[in-house]
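Heavy atoms only: backbone and side chains are in, while hydrogens, waters and symmetry mates are out.
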Amino acid sequence: MAIGLMVGLRLLRTFLLYAYIVPADIIGSILPEDLMDDMPQGFTQVGHVLHINLRERYLPYKHIIAEILMDKNPTIRTVINKIEDVGSKSVFRTFPFELLAGENDLNVIQHEQDCEFRFDYARVYWNSRLETEHRRLVDKFRPSEMVCDVMAGVGPFAVPAGRKKIFVWGNDLNPHGYEVMQDAVVRNKVQDFVTPSNMDGREFIRTSGQKLLDAEPLTINIQPKVRRDKKRKIDPPQTPQTYTRPSVVDHYVMNLPANAIEFLDAFPGLYAGKEELFTPATGQKLPMIHVYCFSGHSDNEVDDHIDICERVSERIGYKITVDDCVGGSGDQDVELAIHNVRLVSPKKQMFCASFRLPREVAFRKV
């Protein structure tokens, strides 16, 4: 059957109209009628690699589907199919896959937020569908703030933040991810602002507060670019922009939705004995925590938010409720906001829960 379909595809390519037929129509013309209701159309592109997730009933047609998709996407040179869930075989969030069409080459060049990343897609986690979320969170950070990216991967939060003159300590457990992040930091010229590390996430959190307090002061002066008018006259010298790294952390990012909430137990005592550094003694607030997680896709989204709050509360040893959201009837010092990131599957939703680290947690003696 598969051989016959491939021969048919080659014949179809000889017709001039083939170039104008959309992939869905071509795939639909080769599938049995009972498979037409939920035809595979979606895919993710990472560099020159196209990544699809085919349901079992479409597997007999996987190679021809891959050929069609590669035909219709001129920037694609490789098509792979995920055969097991992300992280099922590795703590580094990689996934087993099979090559369906094209070159056996997963060394990709990926661009996001005006940054370039080069990595082996088989050895690191990357999801192009999260670009909007990466941008949303980075836009919340202000120049000269300090961000600790606990599970930074290859740097989709850290590197764009560095380009915006935000100081970032980007950490990842995956040695290859760490190497890629180091390369991306240099490649995108953000080494003054972004410092990669390769540590366990809990250890990174527990040591980050004191490590930053003990670090040498860091100030970066950036000379504005010299502008020239049409007569090639040089404008008067401009004052350099100065960025000074804070001595305390403004934000923690925890982008490991499968189990990032479990790492929240590293925050109690983060700034024990350091009350004088924060409000009300100073104008400095405690860090914002941005933790990614999965929850069920309930008919009433509030049920998912309640579930997330209960799980967060259990790990930090402090009760946070949905009423603590900004503008709610609860504790406004928590500044809770739960953002719906994307629907992963019919019963699985990805969220980002942001909240201010409570004083009772940050200053707890442990």
Side-chain angles (χ1 to χ4, degrees), residues 113 129-150 157 160-161 164 166 168 205 209 246 248-257 260-268 270-271 275 277-344 347-364:
Q113 298 188 69
R129 294 176 178 174
L130 293 176
E131 179 174 3
T132 299
E133 176 58 19
H134 296 155
R135 190 182 302 274
R136 181 193 73 88
L137 194 60
V138 170
D139 284 346
K140 290 184 175 296
F141 308 149
R142 304 273 71 87
S144 287
E145 285 191 325
M146 180 66 199
V147 175
C148 281
D149 192 351
V150 184
F157 289 109
K164 294 187 175 184
I166 297 155
V168 185
I205 294 170
V248 296
V249 182
D250 294 294
H251 300 269
Y252 282 90
V253 179
M254 305 174 69
N255 183 26
L256 187 68
I261 284 180
E262 297 177 16
F263 287 76
L264 291 174
D265 61 8
F267 282 103
L270 179 69
Y271 283 113
E275 290 89 340
L277 299 176
F278 301 93
T279 55
T282 72
Q284 176 67 47
K285 291 185 176 182
L286 283 160
M288 285 294 293
I289 313 298
H290 309 278
V291 58
Y292 287 85
C293 60
F294 295 126
S295 187
H297 179 48
S298 304
D299 293 335
N300 184 356
E301 193 173 79
V302 175
D303 293 337
D304 295 324
H305 292 190
I306 292 173
D307 168 62
I308 292 167
C309 287
E310 289 176 348
R311 288 155 57 199
V312 167
S313 300
E314 180 183 3
R315 298 308 291 181
I316 64 173
Y318 180 87
K319 189 171 181 59
I320 290 178
T321 74
V322 291
D323 295 327
D324 299 334
C325 65
V326 177
S329 60
D331 184 356
Q332 293 298 284
D333 289 340
V334 174
E335 300 180 41
L336 175 69
I338 300 179
H339 176 71
N340 184 335
V341 177
R342 73 185 188 99
L343 184 64
V344 179
K347 296 183 178 180
K348 189 176 183 180
Q349 187 81 34
M350 181 177 172
F351 294 91
C352 176
S354 299
F355 61 93
R356 183 77 62 185
L357 187 65
R359 293 177 59 85
E360 291 84 347
V361 177
F363 303 140
R364 185 179 302 159

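- The CD1 atom of Ile289 sits 7.5 Å away from the CG atom of Leu270 when rounded to the nearest 0.5 Å.
- Side-chain contact between Thr282 and Leu277 is absent, with no heavy atoms from C-beta onward closer than 4.5 Å.
- Side-chain contact check for His251 and Glu145: at least one donor-acceptor pair (N or O, by modelled atom type) lies under 3.5 Å.
- For the pair Val344 and Met350, the minimum side-chain heavy-atom distance is below 4.5 Å.
- Here CG of Leu256 is found 11.0 Å from SG of Cys293. Values are rounded to the nearest 0.5 Å.
- In summary, the aromatic rings of His290 and Phe355 are positioned with their centroids too far apart to meet the 6.0 Å limit.
- Side-chain contact between Val248 and Met146 is absent, with no heavy-atom pair separated by less than 4.5 Å.
- No donor-acceptor contact under 3.5 angstrom links the side chains of Asp324 and Gln332, judged on distance only.
- At most 12 heavy atoms of other shown residues, nucleotides or ligands fall within 6.0 angstrom of atom CG in Asp299.
- A donor-acceptor pair shorter than 3.5 Å can be found between the side chains of Gln284 and Asp250.
- Salt bridge Lys285/Glu335: present, at least one basic N to carboxylate O contact under 4.0 Å.
- In plain terms, the two heavy atoms of Asp265 and Arg315 that are nearest each other are OD2-NH2, 2.6 Å.
- Side-chain atoms of Ser295 never come within 3.5 Å of backbone atoms of Ile308 as a donor-acceptor pair (strictly under, hydrogens ignored).
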(message) Apply side-chain contact (heavy atoms from CB on, under 4.5 Å) to residues Val249 and Val147 and explain how you reach the verdict.
(response) CA-CA 6 Å; Val249 182; Val147 175; over 6 Å; no
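- Taking the side chain as every heavy atom from C-beta outward, Arg359 and Leu286 approach each other to under 4.5 Å.
- Separation of atoms CD1 (Ile166) and CG (Asp149) is listed at 11.5 Å; rounding is to 0.5 Å.
- Within a 6.0 Å sphere centred on NZ of Lys319, heavy atoms belonging to other residues, nucleotides or ligands number 12 at most.
- Distance check: Cys309 SG to Leu336 CG gives 5.0 Å after rounding to the nearest 0.5 Å.
- Looking only at side-chain heavy atoms (C-beta outward), Val150 and Ile205 come within less than 4.5 Å of each other.
- When every heavy atom of Asp331 is checked against every heavy atom of Asp333, the shortest pair comes out as OD1-N, 2.9 Å.
- Once rounded to the nearest 0.5 Å, the distance linking CG of Leu264 with OH of Tyr318 reads 14.5 Å.
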(message) ring-ring contact (aromatic ring centres under 6.0 Å, His included) for Tyr271 and Phe278? Distances and angles first, verdict last.
(response) CA-CA 10 Å; Tyr271 283 113; Phe278 301 93; 4.8 Å; yes
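- Two residues are said to be in side-chain contact when any heavy atoms from C-beta on lie closer than 4.5 Å; Leu130 and Arg342 meet this criterion.
- At least one side-chain heavy atom of Val341 sits under 4.5 Å from a side-chain heavy atom of His339.
- Side-chain atoms of Asp304 and Gln349 include no donor-acceptor pair closer than 3.5 Å.
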(request) Apply the test salt bridge (charged side-chain N to carboxylate O under 4.0 Å, His left out) to residues Glu262 and Arg311: give CA-CA distance (whole Å), side-chain angles for both, the deciding distance (0.1 Å), then the verdict. (result) CA-CA 9 Å; Glu262 297 177 16; Arg311 288 155 57 199; over 6 Å; no
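- The SG atom of Cys352 sits 11.0 Å away from the CE atom of Met254 when rounded to the nearest 0.5 Å.
- Evaluation of the side chain to side chain contact (heavy atoms under 4.5 Å, CB included) rule for Glu310 yields Ile306 as partners, not counting sequence neighbours.
- Screening Phe263, Tyr292, Phe267 for a ring pair (Phe, Tyr, Trp, His ring centres under 6.0 Å) with Tyr252, the sole residue that qualifies is Phe267.
- For the pair Lys140/Leu137, a side-chain contact is recorded, criterion being any heavy-atom separation below 4.5 Å from C-beta on.
- Taking the six-membered ring where the residue is Trp, the centroids of Phe157 and Phe141 are separated by 6.0 Å or more.
- Side-chain atoms of Arg364 come within 3.5 Å of backbone atoms of Gly317 as a donor-acceptor pair (strictly under, hydrogens ignored).
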